[in-house]
Amino acid sequence: MQSPTYHLAEGLRLPTNGLDYTILAIYFIVVLGIGFAARASVKTSLDFFLSGRSLPAWVTGLAFVAANLGATEILGMAATGAQYGVAVVHWYWIGAIPAMVFLGLVMMPFYYGSKVRSVPEFLLQRFDKPAHLLSSVLFAFAAILIAGVNLYALSIVVEALLGWPQWVSIVVAGFFVLAYITVGGLSSAIYNEVLQFFVILAALIPLTVLGLKRVGGWDGLTDSLSASKGDNFLSAWGGTGIGDANPLGANWLTIILGLGFVLSFGYWTTNFAEVQRALSAKNLSAAKRTPLIAAFPKIFIVFAVMIPGLVAAVIVPKIGTAGSDLTYNDAIPLLMQELLPNGVLGIAVTGLMAAFMAGMAANVSSFNTVFTTDIWQKYVVKDREDTYYLRFGRLITAIGVLASIGTAFIAASFSNIMSYLQTLFSFFNVPMFVVFIIGMFWKRASMKSGVWGLVAGTTAAMVNYFWIYKQGVIDIPSDQGANFVSAIVGFVAGAVVMVTVTLFTAPKPESELAGLVYGTTSPGMSEAPAEGDDAWYRRPALLGWGAIVLAAACYIPYSF
């Protein structure tokens with residue numbers, strides 16, 4: 001499951017020419033142009049960190065899904081498809097859509113209505129300063145780690161595919177992200193993410209179509225994989241009975257609880273890199289629709305990353321095995337080399353760069369917001385003029401990019417970088433989710449229970465992964481299976497500790513819980529669309545249920 005280093009095979013150098021580099025150069029120019037165009041709208045710290053809460057839902061919705069569609073998503077999910085087969089759909093139809101709908105319908109009214117600038121700030125209002133400070137530090141640390149994964153993954157890809165030295169790849173890509181976020185703030189990041197969404201699709205769709213053509217279409221692909229990998233490789237649920245063996249190394253219970261509930265809800269509902277896009281919407285209705293609009297393309301993106309992974313498993317049957325120099329992460333670059341002509345190849349390389357920049361920008365922009373507003377302004381330098389925090393936000397953005405370079409090489413020990421990301425999510429997002437969900441639905445949850453729930457959840461998840469799994473105390477077949485178990489353990493430990501602490505400590509006064517606990521309201525949560533404006537796309541519940549039904553329908557061909 002692991003190898004000493006993460007790398008692409010030496011033979012994966014792409015035959016790029018002047019046309020491909022021209023396309024890449026045009027993209028970089030447009031990206032910087034958007035950054036400088038957005039500069040005119042940045043006059044206050046709220047403009048810099050949350051786009052002045054002024055963006056329409058379709059913009060924030062596309063940015064929401066693009067922020068998640070980073071280089072690690074494309075390389076990692078294609079790797080997961082090559083390694084585990086059709087089971088990769090679980091990360092989308094169970095591991096994303098329900099949680100995105102829950103965020104839009106249930107949690108965004110609390111986030112947006114409370115007027116918080118970040119996810120940790122909500123914990124300050126619901127619990128106390130220790131919970132707020134700890135969650136801020138944990139999130140800032142996780143954001144830099146995840147941004148580093150994007151940076152390292154792309155630098156290795158560019159080095160192998162284009163021949164650029166690794167340090168050049170890191171400096172060039174990091175510079176462009178730093179430039180357009182520092183200049184234009186979150187607005188620049190979001191509008192670039194909308195552009196990047198379409199560039200990424202322009203890269204993935206030809207790769208998917210040409211890949212299917214190479215292996216004889218869908219029938220040829222499934223026939224080849226059934227013969228070489230077995231029927232369970234092409235089934236989402238095949239072999240997932242408790243005690244049964246399957247490529248994923250997880251049973252239906254750990255998939256549903258570990259991935260579908262704990263990891264999924266922990267990521268999509270508390271990860272500020274995503275929630276920040278919704279908080280930048282122009283009103284509560286737009287904020288609620290943001291994750292719901294994003295859920296629809298999320299349903300279908302899985303095909304554009306899964307199919308190339310499956311095709312790679314057919315073209316190179318030994319990919320990821322001990323006897324091959326190709327890791328599962330080589331699936332996308334391998335198909336780019338094998339299938340794409342010049343010009344289209346330039347679009348694909350640009351798509352990878354766009355994916356990297358979207359993923360890294362999302363984490364850097366959320367990092368600078370949390371560090372500035374939740375750590376620096378609250379606990380270090382208080383009560384300064386707004387221009388000071390705007391300047392500091394730009395400074396900490398540069399520091400965040402430099403720190404990401406330093407954390408990039410932590411990902412080196414993972415052959416499948418999605419395993420590494422899921423590990424981080426089980427450590428940092430899951431404990432935050434359990435604190436949120438209990439605090440949001442249980443009035444009695446005490447002020448002190450928040451910080452102890454975070455400590456217990458994070459500690460338990462780490463103990464399960466580093467000791468119980470890594471030391472072989474309990475036999476867990478795979479990294480992904482271990483991540484699901486760690487998520488469940490972290491959630492349960494955090495919940496038990498929160499309940500226990502609550503029984504012995506004082507609750508928050510009910511007068512201070514308005515708009516923070518389900519069943520209570522605040523003025524900011526009562527917003528409705530204008531009279532007579534009842535178009536279907538302004539009905540968050542209809543959008544949400546539509547996304548869930550469509551995702552469930554997509555499961556049918558892969559269930560047996």
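We use all heavy atoms of the structure for the numbers below, so side chains are in, but hydrogens, waters and symmetry mates are not.
The 12-atom threshold is not exceeded at NZ of K448, counting heavy atoms of other residues, nucleotides or ligands nearer than 6.0 Å. Heavy-atom contacts from other residues, nucleotides or ligands closer than 6.0 Å to CD of E510 number 12 or fewer.
L390 places none of its side-chain heavy atoms less than 4.5 Å from the side chain of T44. Q377 is listed as a side-chain neighbour of R117, based on a closest heavy-atom distance under 4.5 Å. Put simply, the side chain of Y111 reaches to within 4.5 Å of the side chain of L103, judged on heavy atoms. V370 places a side-chain heavy atom less than 4.5 Å from the side chain of P120. You'll find the side chain of F127 reaches within 4.5 Å of the side chain of S449, heavy atoms only. The shortest distance between side-chain heavy atoms of V489 and Y465 does not fall below 4.5 Å. Between M432 and L454, the closest side-chain pair of non-hydrogen atoms falls below 4.5 Å. Between E193 and L62, every side-chain heavy-atom pair lies at or beyond the 4.5 Å cut-off.
The two residues V497 and A456 make their nearest non-hydrogen contact at CG2-CB, 3.4 Å. Minimum interatomic distance between A63 and I190 (heavy atoms only, all atoms of both residues): CB-CG2, 3.6 Å. Scanning all heavy atoms of the two residues, the minimum distance from A460 to A493 falls at CB-CB, 3.5 Å. Between G266 and F433, the closest heavy-atom pair is CA-CB, 3.3 Å. Nearest approach of V364 to A147, heavy atoms of both residues: CG2-CB, 4.3 Å. Taking every heavy atom of both residues into account, T269 and M107 meet most closely at CB-SD, 3.3 Å.
Looking at K288, its side chain never comes within 3.5 Å of a backbone N or O of A278 through a donor-acceptor pair. For the pair S264 (side chain) and F261 (backbone), a donor-acceptor distance under 3.5 Å is absent. With hydrogens and angles ignored, the 3.5 Å screen pairs a side-chain donor or acceptor of T502 with a backbone N or O of S446. For the pair W452 (side chain) and M498 (backbone), a donor-acceptor distance under 3.5 Å is absent. No donor-acceptor distance shorter than 3.5 angstrom exists from the side chain of T270 to the backbone of Y267, with no hydrogens or angles considered. Although no hydrogens or angles enter the test, the distance criterion places no donor-acceptor pair under 3.5 Å between the side chain of R277 and the main chain of T60.
Remark: Q125 CD to L513 CG distance equals 11.0 Å, nearest 0.5 Å. If you take CZ on F427 and CZ on F141, they are separated by 10.5 Å, rounding to the nearest 0.5 Å. The CG atom of L46 sits 10.0 Å away from atom OG of S280, with the distance rounded to the nearest 0.5 Å. Note that CG of L279 and CG of L55 are 11.5 Å apart. Values are rounded to the nearest 0.5 Å. Within the model, atoms CD of E274 and OG1 of T290 stand 11.5 Å from one another, a figure rounded to the nearest 0.5 Å. Considering CG of D128 and CE of M447, their distance stands at 5.0 Å, rounded to 0.5 Å.
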Problem set entry | F428 vs T423, side-chain contact (heavy atoms from CB on, under 4.5 Å): CA-CA, chis, key distance, verdict | CA-CA 9 Å; F428 300 111; T423 302; over 6 Å; no

For this session: Applying side-chain contact (heavy atoms from CB on, under 4.5 Å), run through F425 and I146 and close with a yes or a no.
Result: CA-CA 10 Å; F425 297 154; I146 297 171; 3.6 Å; yes

For this session: Assess whether side-chain contact (heavy atoms from CB on, under 4.5 Å) is satisfied between I74 and I200, documenting all intermediate values.
Result: CA-CA 9 Å; I74 293 174; I200 292 166; 3.5 Å; yes

Exercise. When you look at Y379 and D374, which way does the side-chain hydrogen bond (donor to acceptor under 3.5 Å, both in side chains) test go after all the steps?
Worked result: CA-CA 8 Å; Y379 301 102; D374 290 288; over 6 Å; no

For this session: Would you please test F110 and R126 for side-chain contact (heavy atoms from CB on, under 4.5 Å) and show each step?
Result: CA-CA 11 Å; F110 292 95; R126 175 59 184 88; over 6 Å; no

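Residues T369 and Q276 bring a donor and an acceptor atom of their side chains to less than 3.5 Å of each other. In the model, S45 has a side-chain atom that pairs as donor or acceptor with a side-chain atom of D386 under 3.5 Å. Side-chain contact, S426 with N483: no donor N or O sits under 3.5 Å from an acceptor N or O. Using modelled atom types, one finds no donor on one side chain facing an acceptor on the other under 3.5 Å when comparing N283 with Y112.
Note on ring orientation: taking the six-membered ring where Trp is involved, the planes of F139 and F272 are perpendicular (angle over 60°, cut-offs 30° and 60°). Aromatic ring pairs are classed by plane angle as parallel below 30°, tilted from 30° to 60° and perpendicular above 60°; the pair Y84 and W91 is parallel. Note on ring orientation: taking the six-membered ring where Trp is involved, the planes of F64 and W268 are parallel (angle under 30°, cut-offs 30° and 60°). Between F436 and F122, the two ring planes are parallel [angle under 30°; tilted spans 30° to 60°]. Relative orientation of the F371 and W376 rings is parallel, given thresholds of 30° and 60° on the angle between their planes.
In this structure, R394 fails the cation-pi test against Y389, since its NZ or CZ atom is not both closer than 6.0 Å to the six-membered ring centre and inside 45 degrees of the ring normal. Annotation: cation-pi geometry not satisfied between R391 and Y388 (NZ/CZ under 6.0 angstrom from ring centroid, within 45° of ring axis).
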